[in-house]
Amino acid sequence: MNRRFRSVIFIGLLLLLLCVPGFLWRPQQRASVEEAYRSQMAPVFLVPGSSATQDRFNDLVSGINQKTPHQHSLLRVEVMMDGTLKYTGSIRANDTQPIVVVGFENHHDGYATIKKQAKWFTIAFKALQKTYHFNHFSAMGHSNGGLVLTMFLEDDLAGTKAHADRLLTIASPFNLEEFDQNVDTPLFKQLSAGRKQLPKELTVYSIAGSEGYSGDGIVPFDSVNRGKLIFQGQVKHFTQMTVTGANANHADLPENQQIITLIRQDLLASHGSLHGQ
Amino acid sequence: MAEHTGKLGRHLIDFDIKFRRNRQINAIYHALRLIFPLILVGTLADFINQTWLQRSGYYYQTLHVAKWAFQLKILRQYLGLVSAGTLGLTAILITFAVSVYLVAPVTPLIVDRLMAGIVAIIALKSLNVNRQSVLGNHPVQWLSNNLGLSGIFVGVLVGLLVGNGYRWLLNHQHATQRRLEQNVGGIALWLLVLTGLGFVWVSTQTVSLNAALLAISRWPFQLPHDLGTLLGFGLLTGTCQWLGILGPIASVGGQSIEAAQNLAAVLDHTGWQIPHPVTLHTVVDVYATSGGPGMVLALLLAIFLVRRNVRQRRMGWYCLIPTLGNFNAPLLIGLPVIFSPILLLPFLLAPLACITLSWGCLVLHWVPAVAYPLANGTPGILQAYLGTGGSGAALLLSVVELVLSTAIYYPFVKWAGIAEEAVSHEPTIS
């Protein structure tokens, strides 16, 4: 009788011993679950360049939707100068990968505006996050839009507790329109100084357009090329591509078929709601 | 044997003894016993890999393995190879063994016995080929994804078919030929017939035999989650496991949409408001799988409480570690529970009792529903506790259910021990 219970008690104690790490770990459990948690919805933010509005990507989105089985709904947000938001379009219920275009009432060119736009983008991002409860996302910026997104990732992403999956910049001039390779603009200095804050899990694609020898007609190639000085060594992957041929000048790039293909492949595809899969 | 066994017990023991004396069943039991060491080694490798080395493992998370272990990647690869080389080939091993054990009593020739096993392997593999490669006249591609633990049932079926055929051939040889040399013509004919059967299957069916069985066993996932569905699912999973369709049938819950919505609700809001409190995941995965599907941890405890059969107890010690991590295959194969009529009853009843009790507690809001993802290898009684973020009521319910299941298993384990002793005192295979 005694021996019978000895082995059962031994197993019970062993079971209890194996439970100990679980009991000790439990206070950290919520943090660990939150860390690994990825919401089902992961929106894709598109930010247009200077002198373009939130309607800039309408054609691009309908082009994307024609070719993908998954129909992405489109929400356009305009951030006014006073920080209020104007919405057009809508996010379909159960759409796990909606496209959100964030445009700005003030869309002039220049370093000062870009800095303001980054803050305005943060306002829009936080408002959407509050409504839709996503905690990870991807983003694409055309021209200065890529600078706005980079600035957001460096300065304000940590405050939102969201995870950035992928970033695609199209012809983003990380050294503005500076043709002299030896001159660092204040914008480049700022982005370079903040590069340590870039999310380590981010995958970045930088696309340059090429017409002729030095750039895409507006942005010098060297300025786009400087993206690598900001991202390399800081993010998980950084890939730089150059697109030539038809529609390779600066303004036409978002309608370039090669770039639409790249957006579908690299920004929209293999989206998973579970991290690390 | 003056022990009090009761009327039901006596009936069950008598039936079990008759069942075990059956030639076919006898061969299956011997085959299961033969492959047990391989299954144990493979499961231990899998257990260490899944629970200590993978991100989703219980010990990996709670003991912060990543911080102190070295060469994790190489270890994972090595253990992955070990378990693939053992568990991954279960169906082949079992079909070989069943066929050999069926033929062994009718021939003293080793070549005949081995050839029966070899032909069985070929027959099994001819059911597991890439359909396109056969029909398109390309080099044939063999499939290996249906040969794991979930393939035991098909392995047994093929082993029985081949072994009995071979046995019939041997019994109908000319007397002069008998017991002298190998029957080459017979083997060739039987092989061609079997491969022909495989070819007919491959050319008419688009799925492998095993995939077809698995598809049937997965249908309840589309159903809504009320008590009837949960019980039906428990019954179906139990029956499949008992027939030797082991493997990942029950553990898909963590990835379902409901589970994702539950988790999102808990993380987005303060408090514990769960939109889907009753699902397969929150009831079956959490409360009815201590020690793996079938509440096998309770079976283990019952074995040590009964303490009558030495072999049972030895098996219990062997299977202790995997069972504590919810890996139930070694105990199901070693004892065996698979194809055991006596143990089928508690193997079905214990989970059903747990499902009903948990469902009642959830509906009455006595325990919160699970929302956090469950780590692999979490000790059975801790799954509900950690899944609810530390609910004492959930922990208590798990312990109560473990005790209840042990009580359900107890008499049946005793009877199974008596039946086994009765059979093992007789000579079986020469």
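In what follows, chains carry the letters A, B, and so on, assigned in the order in which the sequence lines appear, proteins first and then strands, with residues in each chain numbered from 1.
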For residues 12-19 of chain A, give me every residue with a non-hydrogen atom less than 4.5 Å from any non-hydrogen atom of chain B.
L14(A), L15(A), L18(A), C19(A)
Heavy atoms from other residues, nucleotides or ligands near [atom1] of [X] exceed 12 (cutoff 6.0 Å):
X	atom1	answer
K119(A)	NZ	yes
K200(A)	NZ	yes
D82(A)	CG	yes
E34(A)	CD	yes
Y318(B)	OH	no

Between [X] and chain A, with a heavy-atom cut-off of 4.5 Å, which part of the residue counts as in contact: side chain, backbone, both or neither?
X	value
L320(B)	side chain
L297(B)	side chain
V306(B)	backbone

Between I381(B), T406(B), L267(B), which has the largest tally of heavy atom pairs under 4.5 Å with chain A?
L267(B)
d(W317(B) CH2, I11(A) CD1) to nearest 0.5 Å is 5.0 Å
Min side-chain heavy-atom separation R26(A)-L382(B) under 4.5 Å:
no
Using only atom types and a distance under 3.5 Å, with no angle test, would you say the side chain of Q29(A) pairs donor to acceptor with the backbone of L386(B)?
yes
Centroid separation Y385(B) to F23(A) less than 6.0 Å:
yes
Quick check: under 4.5 Å, non-hydrogen atoms only, which of residues 51-66 of chain B neighbour chain A?
Y58(B), Y59(B), Q61(B), T62(B), L63(B), H64(B)
